[in-house]
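All heavy atoms count here, side chains included; hydrogens, waters and symmetry mates do not. Only a predicted model underlies this, so the values are computations on that prediction, with no experimental measurement involved.
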Amino acid sequence: MENLGPLHRLLLASALSTALCAQSSERHGAVAAVADAYSTESGGYLCRIPGVADDLVLFADGDLVLRANGTARLGAFLLRASAIDRLFYVELEFSGKVSPGDVNHPPAGSPTLTLAAAAYAPAGPVDPATFVYYTTVTGTFTGLFAYGGERYSASNLAPAQLGLGASNKNVLLGLAVDLTLLPVAGVTVPTGPAELRADLLDTLPVCLSHVDDLPPWSGSSTRRGVDLPGVADDFVFCPAGRFEEHADGTATATATLRRQADYDDGWHLSLTLSAPVEPGAPNHPPAGHPITQLLPTAYVGGGGPIDPAAYRYYQQGSGTLIGIGANAGGQIQLTLTGAAQLGLGAAQGNPYFGIAADFAATVLQQPAAGALTIAGDLHLDADLATLCILPAPQVTAMSTTSLPNVTEQTLTLTGAELGFAEVVALGPILLADLPRRWFEGNMHVVDHDTIVVSIPQGLPAASYPLSVLNRSRMSVPVLLDLVAPTTVTLRTEADRLPGEAQHWISHQGAVQGFAFCLLLLSFSDLPSSAPGLVDLDIGNQFTDLILFDVVLHDPATGVAVVTLPAIPPTLQGHRLFAQTAVMDQSFFPLHPSDARFTDYLP
């Protein structure tokens, strides 16, 4: 706002007031406000409760709705950054709106300004004259898991302020309010006012993952994701999906579904939801809701922490399932029936924030491999969180504990809950599911209990810790020994596409001292021999032999690498043989490697 005159400031204030208050209901994601260069305070928390927790950050929900009637509601599921088993669900109602231009703007005692002086107008980007206030804030803090049983009533000490720089942590669009918390139940008593400091986002993406029922809450230990009657009831999100709520009142979800019993049975899921209904709306809850299938003791009526009156809904929705793997070619149209239900325990399996929804499913195109017969509505249950709620992967066995550091061999990992894996860590190197990246290493989830790993080529011989990581957790490391080959060895990609890079990697084996690598290529696998000099498996007695490159083996690793940055189209349809010959300090005879070949695909 530097150099803005009074008229421009008035227009900006009016625009912000319109954006925050005068439109139909508008949604913002509320996340921890992080201190920037203008801040004079520490940052990095969404809420701080003295004597209880000073590092509460967003775990789920984070839904600030600015209603057209001038009130607002914030729902936020918080957890301690330093102790993830300590959670609070916060519900706050805001009223008494005061906007720029109102006669009582700003309210008495406002604004609260603690940014550095350089942050404020006329020199800085923050103009407190544009802040919007709520003079009354009330609500509850409800503890879960390690904080189970704790419950506080909340009321504000001073008006809540919204606007650019209003959080006093940075110059972004934010919210600040200090709250008196009075114990209603539990044993932990706050020693001072709670500080809520939020950055407000137009879009808040979170993780969408399957639901694992917790017996104390649901009475069962079922795993649920997507049930498509007549097809399968064990579809889970692999990898975990993405759910986003937007300021315009819509939400989108994308995910890959795979049957836990058969990972080749998969679909790409895409959903769009709209027509939200929030607590306090005249039509809240929609007909047929809330759905409450947890044990009675989970809900506030039975002494538990879950309040179905706080659920929110989307009344319209549609989407598609696009077949992959065994379902390639298939396409299913989805149409929301009833309403999608969001809230703590909404997915009926545990007390996490989740979503449950039913969709009419219509086959638009059958998979090429065979016809599907759908026998009812598709049912979706999912946990929604900023940190994916996923089980820890466990590696219980490896196909081998030792591999050459130059090899085409793969490593097979078996264990439990490996299907949600997204990367494998080999020491500091992360391996992703990139099947064309043999030289750099890759991983591939075969089924829910099996992962195949190709190691990066040419690493120093040593023992490496290996772990499997999903979006939120990692397995206990196991050790893999990489050892140097004892003979001269060549490895390269088995096939290449035009434009891809190719790597030839050679190890000098038992050759001592300095060693030069001669990379030899040929379209012939007939041998070439020069007694006393070299015997090769390729080249047709040197008539079809190309000396492609000469490089020095690394003295520390014994490895030499030759790279062709991009395969030319002229190689398409050909097979090219390769062999290295290592020259040591005795010069001759040369020490040949084994021969390899590469097919160049069209």
Look only at the side chain of [X] and the backbone of [Y], and say whether a donor-acceptor pair between them is shorter than 3.5 Å.
X      : Y      : result
Gln161 : Phe131 : no
Asp358 : Gly338 : no
Thr320 : Ile322 : no
Thr222 : Asp213 : no

Legend entry - Identified salt bridge (Lys or Arg N to Asp or Glu O under 4.0 Å) counterpart of Glu91 within the set Arg151, Arg312, Arg73: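 Single pass found, and it is Arg73.
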Inset, instruction - Could you tell me whether the side chains of Ser25 and Arg67 share a donor-acceptor contact shorter than 3.5 Å? - result: no
Inset, instruction - Ignoring hydrogens and angles, state whether a donor on the side chain of Tyr133 or His105 is under 3.5 Å from an acceptor on the partner side chain. - result: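 Distance-only check fails for Tyr133 and His105.
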Within-4.5 Å side-chain heavy-atom neighbours: [X] and [Y]:
X      : Y      : answer
Thr252 : Thr272 : yes
Gln333 : Ser318 : yes
Leu196 : Leu92  : yes
Tyr134 : Asn156 : no
Leu181 : Val52  : no
Asn470 : Glu417 : no
Asn350 : Ile389 : no
Thr142 : Val300 : no

Inset, instruction - Output yes when Arg224 and Asp383 qualify as a salt bridge under the 4.0 Å nitrogen-oxygen rule, no when they do not. - result: no
Show me, pair by pair, the donor-acceptor contacts under 3.5 angstrom made by side chains of residues 74-87, not counting sequence neighbours?
residue : atom : partner : partner atom : Å
Arg80   : NE   : Asp55   : OD1          : 2.7
Arg80   : NH2  : Asp55   : OD1          : 3.2
Ser82   : OG   : Asp55   : OD2          : 2.7

Inset, instruction - Go through the steps for Arg48 and Glu41 under the test salt bridge (charged side-chain N to carboxylate O under 4.0 Å, His left out), then give the verdict. - result: CA-CA 13 Å; Arg48 176 179 178 269; Glu41 306 175 4; over 6 Å; no
Inset, instruction - Step by step, work out the salt bridge (charged side-chain N to carboxylate O under 4.0 Å, His left out) result for Arg259 and Asp234. - result: CA-CA 5 Å; Arg259 286 191 61 206; Asp234 62 339; 2.8 Å; yes
Inset, instruction - Test Asp233 against Arg223 for salt bridge (charged side-chain N to carboxylate O under 4.0 Å, His left out), laying out the working first. - result: CA-CA 10 Å; Asp233 63 359; Arg223 170 166 290 175; over 6 Å; no
Inset, instruction - Kindly assign one of parallel, tilted or perpendicular to the pair Trp217 and Phe145, based on the angle between their ring planes and the thresholds 30° and 60°. - result: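 It falls in the tilted class, 30° to 60°.
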Legend entry - Plane angle bin for Phe141 and Tyr152 - parallel if under 30°, tilted between 30 and 60°, otherwise perpendicular: tilted
Legend entry - From CA spacing to verdict: ring-ring contact (aromatic ring centres under 6.0 Å, His included), Phe235, His210: CA-CA 9 Å; Phe235 287 104; His210 72 275; over 10 Å; no
